[in-house]
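Reviewing the structure listed below.
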Number of protein chains: 4
Amino acid sequence: METSNHPKIIEQLNTYHPGMNLSEQYQYVRNYSVEICEPLQREDYVVQPVVDVSPPKWHLAHCTWFWEEFILAKYQHGYTRFHPRYSFLFNSYYNAVGDRVLRLHRGNMSRPTVDEILAYRLYVDQHMMEFLKTIPDEVKELVELGLNHEQQHQELLVTDIKYILGHNPLFSTYRTDFQETSLNETDHAFLDIKEDIYTIGYSGSGFSFDNEHRQHKMYLNNFSIRKSLVTNGEYLQFIEAGGYHNPQYWHTDGWTWVQEHKIDAPLYWYLMDGKWNRYAMSGLESIDPLEPVTHVSFYEAYAFAEWKKMRLPTEFEWEAASTHLDWGKRWEHTNSAYLPYPGFAKADGAIGEYNGKFMINQMVLRGASVVTPTGHSRNTYRNFFQPNLRWQFTGIRLCKK
Amino acid sequence: METSNHPKIIEQLNTYHPGMNLSEQYQYVRNYSVEICEPLQREDYVVQPVVDVSPPKWHLAHCTWFWEEFILAKYQHGYTRFHPRYSFLFNSYYNAVGDRVLRLHRGNMSRPTVDEILAYRLYVDQHMMEFLKTIPDEVKELVELGLNHEQQHQELLVTDIKYILGHNPLFSTYRTDFQETSLNETDHAFLDIKEDIYTIGYSGSGFSFDNEHRQHKMYLNNFSIRKSLVTNGEYLQFIEAGGYHNPQYWHTDGWTWVQEHKIDAPLYWYLMDGKWNRYAMSGLESIDPLEPVTHVSFYEAYAFAEWKKMRLPTEFEWEAASTHLDWGKRWEHTNSAYLPYPGFAKADGAIGEYNGKFMINQMVLRGASVVTPTGHSRNTYRNFFQPNLRWQFTGIRLCKK
Amino acid sequence: METSNHPKIIEQLNTYHPGMNLSEQYQYVRNYSVEICEPLQREDYVVQPVVDVSPPKWHLAHCTWFWEEFILAKYQHGYTRFHPRYSFLFNSYYNAVGDRVLRLHRGNMSRPTVDEILAYRLYVDQHMMEFLKTIPDEVKELVELGLNHEQQHQELLVTDIKYILGHNPLFSTYRTDFQETSLNETDHAFLDIKEDIYTIGYSGSGFSFDNEHRQHKMYLNNFSIRKSLVTNGEYLQFIEAGGYHNPQYWHTDGWTWVQEHKIDAPLYWYLMDGKWNRYAMSGLESIDPLEPVTHVSFYEAYAFAEWKKMRLPTEFEWEAASTHLDWGKRWEHTNSAYLPYPGFAKADGAIGEYNGKFMINQMVLRGASVVTPTGHSRNTYRNFFQPNLRWQFTGIRLCKK
Amino acid sequence: METSNHPKIIEQLNTYHPGMNLSEQYQYVRNYSVEICEPLQREDYVVQPVVDVSPPKWHLAHCTWFWEEFILAKYQHGYTRFHPRYSFLFNSYYNAVGDRVLRLHRGNMSRPTVDEILAYRLYVDQHMMEFLKTIPDEVKELVELGLNHEQQHQELLVTDIKYILGHNPLFSTYRTDFQETSLNETDHAFLDIKEDIYTIGYSGSGFSFDNEHRQHKMYLNNFSIRKSLVTNGEYLQFIEAGGYHNPQYWHTDGWTWVQEHKIDAPLYWYLMDGKWNRYAMSGLESIDPLEPVTHVSFYEAYAFAEWKKMRLPTEFEWEAASTHLDWGKRWEHTNSAYLPYPGFAKADGAIGEYNGKFMINQMVLRGASVVTPTGHSRNTYRNFFQPNLRWQFTGIRLCKK
């Protein structure tokens, strides 16, 4: 298994490493969620400006609910839930567990307060730390899933905070020392990968998600893949060449999306006095042409590649080439739909809902981003979003035949 | 002019009286807005669960914006605005003043924070107190308008807080000592009012809104009006008689509304274990059959009256009868559309937008409610809402010919 | 009672006169519905381009359904309905009569065909003619209602046909000899009407709708009303003065409507090569500045009057002045909401739904239009529409105090 | 290349065979479009009950527009278009060709009439027949594309007519002799296909679409595929087992779709007096348990397979197994997203829009249906629809590993 060797920008907040024992891992992961929110004002925890962005306090509570619902309530004898209504309030998608607050309405809920949710976290953490001392072997895998689940929400916490601050006319700063980009993209050479049968999917002994299983063979043709990500400068050329105004580069659905939402630049780009600026977590800044273009949808990535007379890689090509790439800065769009691997099997019970039920209408992204928790991703990791979404730290890698 | 002699439940918070001088009035009114929010958690200030309900922190800021925009920026020489973007953020409807944040998006704005808004209030109050010392005579009327504007928002603050807490599954309490009803409705006798020419509209020397002018003559036929408001017990009979399932009692638009939103009871009524409860600002309580039914829309008030084979009064009938009524507990639905009086004239400039531009698609409510600031209403006061809205403390008074 | 003395343009098609006996009236009215459709192609009978416009074949069937449902099925002993499903298909709003096809879906129904509907008409007409020979006295009023109901649909037939042809890029002609305007509007003088008690509402012995009852007294102040309708030329000045781009002239709801629908001229006006044309039933024509402006909504009429620093009359002012006016060319917007007169009472049963249930969210129009069937209107007649609708032959008459 | 050997039910209407010369093929294909519409009433040609269903007269005109726009206007010297506005009216998706009438509004267009469209067809056919006599070699491929394009619309014509008649409460018959199913599904055995490298995609010399190119290698694991399609009887068991009420079988998006649209059975199934009936083109009939279940969406096919603890085949598995299957009765859902094959290249110009721009948000269906024109499909043919659509003659084939 190959993991990203790209240095994490927010490493200082994130000292998790897989060598820790389960209790240490639990504490680190749980603390990191709270640390991410540390620069927030109380008001920032509450809002949900669009349906895909959840209030930070909801993330803090929902991750806690996962531990309470799937571990403590099931395996800790005599456990009393912190609050009888929280199970209803903080379920996200798990239909099998019972009713849930509509995703749409999370931002209408001022209660429970942040303090109440922090008390909920404390209560659950104390019980979990106790439980982990004598954890039965058969529950360990579920704890690992819980840690990875919380890490997924940590990335969402950062991207949702960015959305909340970046869509407010005051453009407040998250942390002035937060660097979204460490290195420029300069090596535009292409790697040639040879036609062959490749092995795809996870087969190691560490944690992995069900959607990375089972390892299987794929026949790939010759292809070439670019070492660098597409830069702001290159993307600006696409804009200036009228890319957003020419339907020939776009999928029909992408073109409808561009026109309905009057899209004319990546998310967080603002044209001010004739110059492009972008909101970053350190504040409003002018566009740096050498940085990787970020916060583009699949539709935009596809249209850009069409304009370049190139294409996006499939997720299988990406995985086959990954050991040669410096990945980990941006989630990289692929031209693969999110579908089950041959022999994919869902787990029993509510946990079985984890991935399989999303395997329609979404596209796969590969790699990791600057805000992915260290150690969370790997070169077999399959991230997935609808083709119009842009609020993750996404980027574009070109491919040609 | 007749004012409500109904004792205010939240009198203790509300010691405003018209005998004060302008500076005293200003201080009292301004303080009262903050006092209303005193029981809130910081999170409660932020949310906007439906478009008609504004976040409490928005109300606090918007009222302040009114003083800054219409008084200080215009009449205080050399005044510097507290923040260059607030004028954009806290404009509500005043199209003539410039762009504004869409009402729909107020609940997406975590910044400015409550603390920043309180600092904004302090800054504006200091300048206003200075300004009021030497206020030119021609600005006094505008200050009175500002005070009445803030009082209108004080009532909205209470009703919006009720909506925020009352639509959260945790049903938190605002104040346990908050009484929504002081007296039962028991005297169901009807007053007979004689056919005659009546004088309608305000003609006194105190403050009044432009929509109460000009006083004019109306020819009214004989009618009878009930002394008591319709009670919860009476309304329950309507529910149990299938009132919400029989189109014959409803306007076509009302029937569509009932079916689309699956309405089957007043707002805040919840059927639990076969018994009706209602959320009050002191918490969840069982229905008291002798209290006035509250939080009903015009559509419901009309349908109830149809079912009773009676009708709602017109606003003119209400005004003619008002000196005989114990009004002031609930805003009372009338069967009058909100339209200009003969000779109605709008003020010049942005202030001219105050009332006239809403004179379409709304119905008039008369009286005052338990949460109307003392001294704010009078028997010529014209309140107005769309016929489907229910979050105000509305009630039903029956009329027959 | 005063009726319009304005010569009908389509008089030739419309030889109805009140002196006929009931059978003659029935035949004339029924024939006229079919004559209106005579210039149509079969395809034109089917479509419903917006929800307010019904397919012509639906009108032909619905009017027939009225006779079958309210007369034959009730009063003709042993009557067999033409088709068991038509009662469901051609009910419009009469909730008390049973389920009905949603208004929204009328244009999806290719069957029954026009021929089948004409057979349905024939069948019902034969039974009606038989029935009318020995009609009981107590049913005569209902027959008169049925005739007036069909006349209302005759006007809608014409306006709906205009919409269907006028919103198709081929701009087909209805009849080349169809004149929408006979006389120019030239006398812009104002009539002065004196403050007094006026009598409003119908009290004659002919047919009238329930909404015109009961006659009652109204106190009106002095006002002045213009003899001529507002012309295209005057309206063009409003457009050229930026009337559609300045919120100060508009109701809030009107301004929202203008912006959402990008309204910038009356319905059927098309700017071609820098010149305004309008679709008329005789084809596409350039704007004649002396004709009355037509197909404007209440919102536009109000904004135009604001821009002129005048106002629209109330429906009571209009009625008081009507004997002095040459009305009948256009339905004239008033600033009165559609509400019951004092003592208004609904009829029993489904017929009781006729008018009362629409008495919310609509504004009154007075007069008659070039396509109102002769004899159908009178100076107490109350027409009503939502304030955004424009497909009727509406016009503007100015008032000032 | 393998083609369906399933006898076509509507063979009698469809005597096309590939041995004909181009002129003969053109005449047969063009005539067949008109023949499909022969049982229609004029009114049936006009309506568009949902956005995916186009009016039959639109299909007749749009196919004609293709010949005029892509052949005659380009290659026939001095050709004069039949009507200057038709190019605008009958463009479907070809953004590169110019503006087009929104798909949503096709059903609002009563003009041109059916007769006018038939005249348009005649005019274009006469010019095409002349043109085909001396057709340059390089245009022949485009003519073949035009024939296949019209055949695609012939299938849509039938399915759209079924939708129009089957969603009208009168349930009119298309043709009483129209059989939707010729043979029962009885052989539920599974074929075992061995793990190997398979060749996927078209490589023959006949016509094929760009999306079937280029032929390439795929590594497939062992799998088993059922000989018969899923039957109505089996599907009824799924319904009776609560399949539509249990989220565990559904994709999240599928579950949302089921709940929003209250789906509880295949399209055209109606529960009448406790018994399931279905609308077929020969009229309303009771469900035959041995017929293949039809008119199910991808969401339903997936949920059914989950409930059976099996799965749908991928399109590659289907193609590898196809020579062993009796396909051609129903379009068979696969669990493959519609994506480009390796090396896929779009044609230049507007024709390049044919397939590539739809390669997002759609799933592949393989095979052919009872209403696919003879000779139109083959075992490499890739049909595609959004996962919620049901109006095509779709079916379910099960797979297991």
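Here is how names work: the chains are called A, B, and so on, in the same order as the sequence lines, proteins then strands, and each is numbered from 1.
- To the nearest 0.5 Å, the span separating CZ on B:Phe171 from CZ on A:Arg111 amounts to 13.0 Å.
- Residue A:Leu165 holds its CG atom at 6.0 Å from OG of B:Ser110, rounded to the nearest 0.5 Å.
- What you find for B:Gly107 and A:Val47 is that their closest heavy atoms are O-CG1, 3.3 Å.
- The contact between B:Val114 and chain A is made by backbone and side chain atoms together, counting heavy-atom distances below 4.5 Å.
- Both the backbone and the side chain of B:Gln41 come within contact range of chain A, with heavy atoms under 4.5 Å apart.
- Note: B:Glu43 leads B:His167, B:His83, B:Glu43 in heavy-atom pairs under 4.5 Å with chain A.
- There is no contact between B:Pro55 and chain A, counting heavy-atom distances below 4.5 Å.
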Chi angles and distances behind the side chain to side chain contact (heavy atoms under 4.5 Å, CB included) call for A:Arg42, B:Thr113
CA-CA 8 Å; A:Arg42 195 53 51 114; B:Thr113 64; over 6 Å; no
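- Nearest heavy atoms, B:Pro169 versus A:Leu89: CG-CD2, 3.7 Å.
- Residue A:Leu170 holds its CG atom at 10.0 Å from CZ of B:Phe88, rounded to the nearest 0.5 Å.
- Comparing B:Val46, B:Asp44, B:Ile164 by how many heavy-atom pairs each has under 4.5 Å with chain A, the most go to B:Asp44.
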